[in-house]
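Read through the structure below, which is laid out as structure tokens, and then see the notes.
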Number of protein chains: 2
Amino acid sequence: MSLKHAILVLLDKKPGSGYDLAQRFGGGIGNFWNATHQQVYQELKKLSADKLVEFEVHTQAERPDKKVYQITSAGRTTLKAWLKQPIKLARINSTLLVKIYAAHLADPVELDKELAQHIANHEQKLLEFAEMERLYFSADAATRRKQRMPYLTLRSGIRYEWTWIEWMKEVKQLLADDALPEKPMMELLAAAAKIKP
Amino acid sequence: MSLKHAILVLLDKKPGSGYDLAQRFGGGIGNFWNATHQQVYQELKKLSADKLVEFEVHTQAERPDKKVYQITSAGRTTLKAWLKQPIKLARINSTLLVKIYAAHLADPVELDKELAQHIANHEQKLLEFAEMERLYFSADAATRRKQRMPYLTLRSGIRYEWTWIEWMKEVKQLLADDALPEKPMMELLAAAAKIKP
DNA sequence: TACTAATATGCAAACATTTGCATAGGAAGT
DNA sequence: ACTTCCTATGCAAATGTTTGCATATTAGTA
């Protein structure tokens, strides 16, 4: 039920049309909250009915008219109230893990191919994140300070992709070798953590 | 659309009632695929109508009657066909990241408390996973081999919780100190990876 | 004695998401 | 000339998920 709040967050940062918001869900915030354009339009209608956002129609000569939405003060109040409430645990639904769980029923060659594809996809994503991070660090101190919360979410994305890739590579290798992991994951992670600081 | 397949996977491993399946979604597979009992019952009805599962009513003297479901050969065919198809990327929806993204609107003290709570929850989860891993490694080689795919999903869970906890601790610390990260995440991870092998 | 938890199933309504379609003009490539 | 992409919005239907309620028995606890 937080599509509503994600939209309010975006509109709080900057007003925009449904189309604009849909674009923004395709990048940046889209890395941790996804929404399609239909969802956005439907939600904007509801938010508008609840007076949490309002819009003005901008007539454009060379483009279709657009409705530029902005958050209302009631919307900002709702948003702040939401931020106060503790969130309930997200439910995790990972199709890939279900597949791995049932891998004994699958064709090993095809599974290997699929893992390779996933690894490639996530490496691509990681590369994009790395570039975004490079950009962040090349900005001046004031910009970095202003952008720090979005940057922290980027760090989460980088960690996530990195971990996920490591795991998929491990699984791919173990399946190819028909081997079992030698050491407990907890030991490996604890050892790595000791070296780091 | 994989609740269907998750149920088929579970029934392929072992027949059971709706209630049994709901319990199994509460642990084990529940760490990467969640389903409530209502979802399970509704889906079993559909699967039954499609002849992908079948059931027998087991009358019990001291407990309510139960319908024990098992996968049919059509169900197994469907499941195998599903395993062959590449999966589409999961959409990520993380309420916590939306909150962090919008943290400038939140009360710092409350946000800190919420982060602390989340860290505690995930540390608890990690502890449970560590115990499950300990159990896996204390089993004999034959059992370990048989359980290897579920164990690989457990490794994913351990990595996931570990990474998530690290990130939340980092954010909590940075917010408390009103500081910015010093080094790019990519550098830190690359450095850690070089030491490890 | 009353409440609470566990076993066991399910309906109905509300809510959210996905898919397919529909419109319409301008820009840019083939 | 034709197709495709981008901007811009939206309806309708199907599908999927969540919430609230409802039932029934047994066992254990306060």
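Keep in mind the model is a prediction, meaning the values are calculated, not measured. By convention in this document, chain letters (A, B, ...) are assigned in the order of the sequence lines, proteins followed by strands, and residues within each chain are numbered from 1. Below, each value reflects all heavy atoms present in this structure, side chains not excepted, and no hydrogens, waters or symmetry copies.
- Atom NE2 in B/His5 sits about 14 Å away from atom C1' in D/dG16, given to the nearest Å.
- A/Arg148 places a side-chain heavy atom less than 4.5 Å from the side chain of B/Asp178.
- Within residues 11-27 of chain B, no residue has any heavy atom closer than 4.0 Å to DNA chain D.
- At whole-Å resolution of the value, NE2 in B/His58 and P in C/dA8 are 12 Å apart.
- For B/Tyr41, the ring-ring contact (aromatic ring centres under 6.0 Å, His included) criterion is met by B/His37, not counting sequence neighbours.
- Classification of the B/Phe137-B/Tyr151 ring pair by plane angle, with boundaries at 30° and 60°, yields perpendicular.
- Each of C/dT17, C/dA8, C/dC11 was ranked by its minimum atom distance to the side chain of B/Lys66; first place goes to C/dA8.
- Checking the phosphate oxygens (OP1, OP2) of D/dC11, a side-chain nitrogen or oxygen of A/Lys45 falls inside 4.0 Å.
- For A/Lys46 and C/dA16, the shortest distance from a side-chain N or O to OP1 or OP2 is below 4.0 Å.
- Here the nucleotide nearest the side chain of B/Lys88, chosen from C/dT19, D/dG16, C/dA12, is C/dT19.
- Rounded to whole angstrom, the span from the CD1 atom of B/Ile7 across to the P atom of D/dG16 amounts to 12 Å.
- Taking atom CG of residue B/Asp65 and atom C1' of nucleotide C/dT7, one finds them 12 Å apart after rounding to whole Å.
- One atom, NE2 of B/His37, and another, C1' of C/dA8, lie 9 Å apart when rounded to the nearest Å.
- Across all strands, A/Lys4 comes closer than 4.0 Å to no nucleic acid atom at all (heavy-atom distances).
- The distance from atom CZ of B/Phe55 to atom C1' of C/dG10 is 13 Å, rounded to the nearest whole Å.
- The salt bridge (Lys or Arg N to Asp or Glu O under 4.0 Å) check on A/Glu170 picks up B/Arg155, B/Arg159, with sequence neighbours excluded.
- Using cut-offs of 30° and 60° on the angle between ring planes, the pair A/Trp164 and A/His122 is perpendicular.
- Base contact: B/Gln38 has a heavy atom under 4.0 Å from a base atom.
- Salt-bridge annotation for A/Lys84 and B/Glu114: absent, with no side-chain N of the basic residue lying under 4.0 Å from a carboxylate O of the acidic one.
- Here B/Gln42 lies in heavy-atom contact (under 4.0 Å) with a base.
- Side chain of B/Tyr41, nearest nucleotide from C/dG10, D/dG10, D/dT17: C/dG10.
- Here the P atom of nucleotide D/dT17 and the CG atom of A/Asn93 are 8 Å apart, to the nearest Å.
- In this structure a side-chain-to-backbone donor-acceptor pair under 3.5 Å is missing from B/Lys67 to B/Phe55.
- Atom C1' of nucleotide D/dG20 and atom CD of B/Gln39 are separated by 15 Å, given to the nearest angstrom.
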